[in-house]
Amino acid sequence: LETVLYGGSIDASTGTARDTSSYTLPVPGLHPYIFLYYIGDTSSVNTLAHESAHSVHMYLSSGHPYYDQDAPVTLVTETAAALNEMLLFDYLYENAASVEERISLLGQQIGNLNGTFFTQMYFAQFQQKIHERVQNGGGLSADSLDTVWLTLLKEYYGSDIAFGDYAAGTWASIPHFYQGFYVYTYAGAQSAACSLFTQLKTEGDGQKVADRIMGLLRAGNTKAPLDILSEAGAPVAGNVTEDLTKYYNSLVNELELLL
């Protein structure tokens with residue numbers, strides 16, 4: 001981690017021509033390189049935690065004998081990143097100087113989980129529905145895509161949220177839909193991260209949990225993703241979202257107490 005943070009491998013420059021996205025790139029023969037949009041706020045620190053987890057993951061998983069064994073797949077690498085974000089939130093919350101700061105942190109964390117789990121779930125369900133429609137002999141049009149998208153929005157957000165006419169077409173602005181069927185892995189990774197985080201916080205011997213997580217980071221792409229997660233201690237069958245649901249509910253309950 002010190003190599004990642006202090007080894008000259010982070011570009012955190014800002015400016016009018018600067019891309020506001022953040023990502024980590026592997027560099028063959030060197031350590032990974034982080035391209036970071038950093039303005040010094042809590043969100044920026046959270047992004048640094050996310051990307052540094054990717055970088056450490058790439059760093060530790062390098063050195064396997066075949067070139068394609070170094071690169072962890074999305075499900076596994078996003079688990080590491082989500083776990084690091086949760087550890088950061090836990091530290092910041094425990095060391096918050098005021099009730100107002102804790103309220104702000106809770107709001108951000110709940111929003112993060114909304115984005116990494118619930119939003120990705122309806123993204124994936126949208127893709128599944130439109131693919132099934134074509135596979136069953138149906139056609140697709142802008143209107144039919146709008147209908148599927150808006151129906152899912154209303155199902156996920158409930159009757160308390162009113163959507164304007166423009167909302168039906170917002171599916172077209174999601175870049176992930178043009179890059180294959182993979183958004184479900186973000187939700188799966190967040191669930192796995194919540195399980196590992198819960199174990200770190202509740203099991204008597206946290207070092208054993210940490211050792212299993214280090215095994216995940218070093219595994220690269222040498223095994224099937226579910227095998228890597230299972231060996232790390234994350235559930236891969238049954239009610240895999242149980243720990244996430246409990247964690248999310250605890251955040252909401254805590255926020256209600258503080259407001």
Side-chain angles (χ1 to χ4, degrees), residues 1-7 9-10 24 26 31-32 34 36 42 45-64 69-96 105-106 108-109 112-113 116-117 185-251 254:
L1 181 59
E2 290 183 357
T3 300
V4 170
L5 294 178
Y6 308 115
S9 61
I10 301 176
T24 302
H31 48 66
I34 298 176
L36 184 71
T42 305
V45 176
N46 194 66
T47 302
L48 176 59
H50 185 103
E51 296 303 329
S52 63
H54 284 325
S55 189
V56 169
H57 197 177
M58 292 177 186
Y59 188 85
L60 290 177
S61 65
S62 64
H64 293 295
Q69 291 184 341
D70 284 351
V73 298
T74 302
L75 178 61
V76 180
T77 192
E78 291 300 331
T79 296
L83 176 58
N84 213 33
E85 288 188 49
M86 295 183 72
L87 292 171
L88 172 65
F89 166 78
D90 189 60
Y91 173 82
L92 293 176
Y93 193 77
E94 290 297 323
N95 291 276
L105 289 168
L106 284 167
Q108 290 181 48
Q109 185 69 346
N112 288 340
L113 289 175
T116 56
F117 182 75
T185 60
Y186 291 117
Q190 186 64 71
S191 294
C194 280
S195 294
L196 296 176
F197 175 80
T198 300
Q199 293 171 40
L200 280 171
K201 297 290 289 184
T202 60
E203 289 193 9
D205 191 350
Q207 186 59 50
K208 288 185 178 180
V209 182
D211 289 343
R212 295 201 303 268
I213 294 171
M214 290 300 294
L216 176 152
L217 295 175
R218 293 192 176 100
N221 199 27
T222 57
K223 301 178 182 178
L226 292 183
D227 290 339
I228 294 174
L229 291 179
S230 179
E231 290 176 9
V236 297
N239 187 6
V240 298
T241 63
E242 181 178 3
D243 288 325
L244 183 145
T245 302
K246 290 180 179 178
Y247 178 71
Y248 187 88
N249 286 339
S250 71
L251 296 178
E254 182 74 6

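Not measured: the values here are computed from a predicted model.
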Side chain to side chain, [X] and [Y], heavy atoms closer than 4.5 Å:
X: E85; Y: N112; answer: yes
X: H31; Y: S55; answer: no
X: L75; Y: L226; answer: yes
X: L48; Y: L5; answer: yes
X: Q190; Y: Y247; answer: no
X: I213; Y: L200; answer: yes
X: H57; Y: V76; answer: yes
X: D90; Y: K201; answer: yes

Which pairs count as salt bridge (Lys or Arg N to Asp or Glu O under 4.0 Å) when at least one residue sits in residues 216-229, sequence neighbours excluded?
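Those involving residues 216-229 are K223-E231.
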Under the side-chain contact (heavy atoms from CB on, under 4.5 Å) criterion, do E78 and T185 qualify, and how do the steps go?
CA-CA 8 Å; E78 291 300 331; T185 60; 5.7 Å; no
Using modelled atom types only, decide if a donor and an acceptor are shared between the side chain of [X] and the backbone of [Y] within a distance under 3.5 Å.
X: T24; Y: E51; value: yes
X: Q108; Y: T42; value: no
X: S195; Y: A234; value: no

What I want to check is whether the side chains of E254 and Y93 have a donor and an acceptor closer together than 3.5 Å.
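Judged by distance alone, the side chains do pair up.
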State whether a side-chain donor-acceptor pair under 3.5 Å links D243 with T245.
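T245 and D243 do not have a side-chain donor-acceptor pair below 3.5 Å.
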Distance from [X] atom [atom1] to [Y] atom [atom2], nearest 0.5 Å?
X: H50; Y: L36; atom1: NE2; atom2: CG; result: 11.0 Å
X: L113; Y: S191; atom1: CG; atom2: OG; result: 9.5 Å
X: M214; Y: D211; atom1: CE; atom2: CG; result: 8.5 Å
X: L217; Y: L83; atom1: CG; atom2: CG; result: 8.5 Å
X: L106; Y: L251; atom1: CG; atom2: CG; result: 6.0 Å

Tell me whether the count of non-hydrogen atoms from other residues, nucleotides or ligands lying under 6.0 Å of OH in Y59 goes above 12.
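At most 12 heavy atoms, drawn from other residues, nucleotides or ligands, come within 6.0 Å of this atom.
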Between T77 and M58, is the side-chain contact (heavy atoms from CB on, under 4.5 Å) condition met? List the steps.
CA-CA 9 Å; T77 192; M58 292 177 186; 5.6 Å; no
Show the numbers, then the answer: is there a side-chain contact (heavy atoms from CB on, under 4.5 Å) between S9 and T3?
CA-CA 8 Å; S9 61; T3 300; 6.0 Å; no
Run the numbers on L92 and N46 for side-chain contact (heavy atoms from CB on, under 4.5 Å), then give the verdict.
CA-CA 10 Å; L92 293 176; N46 194 66; over 6 Å; no
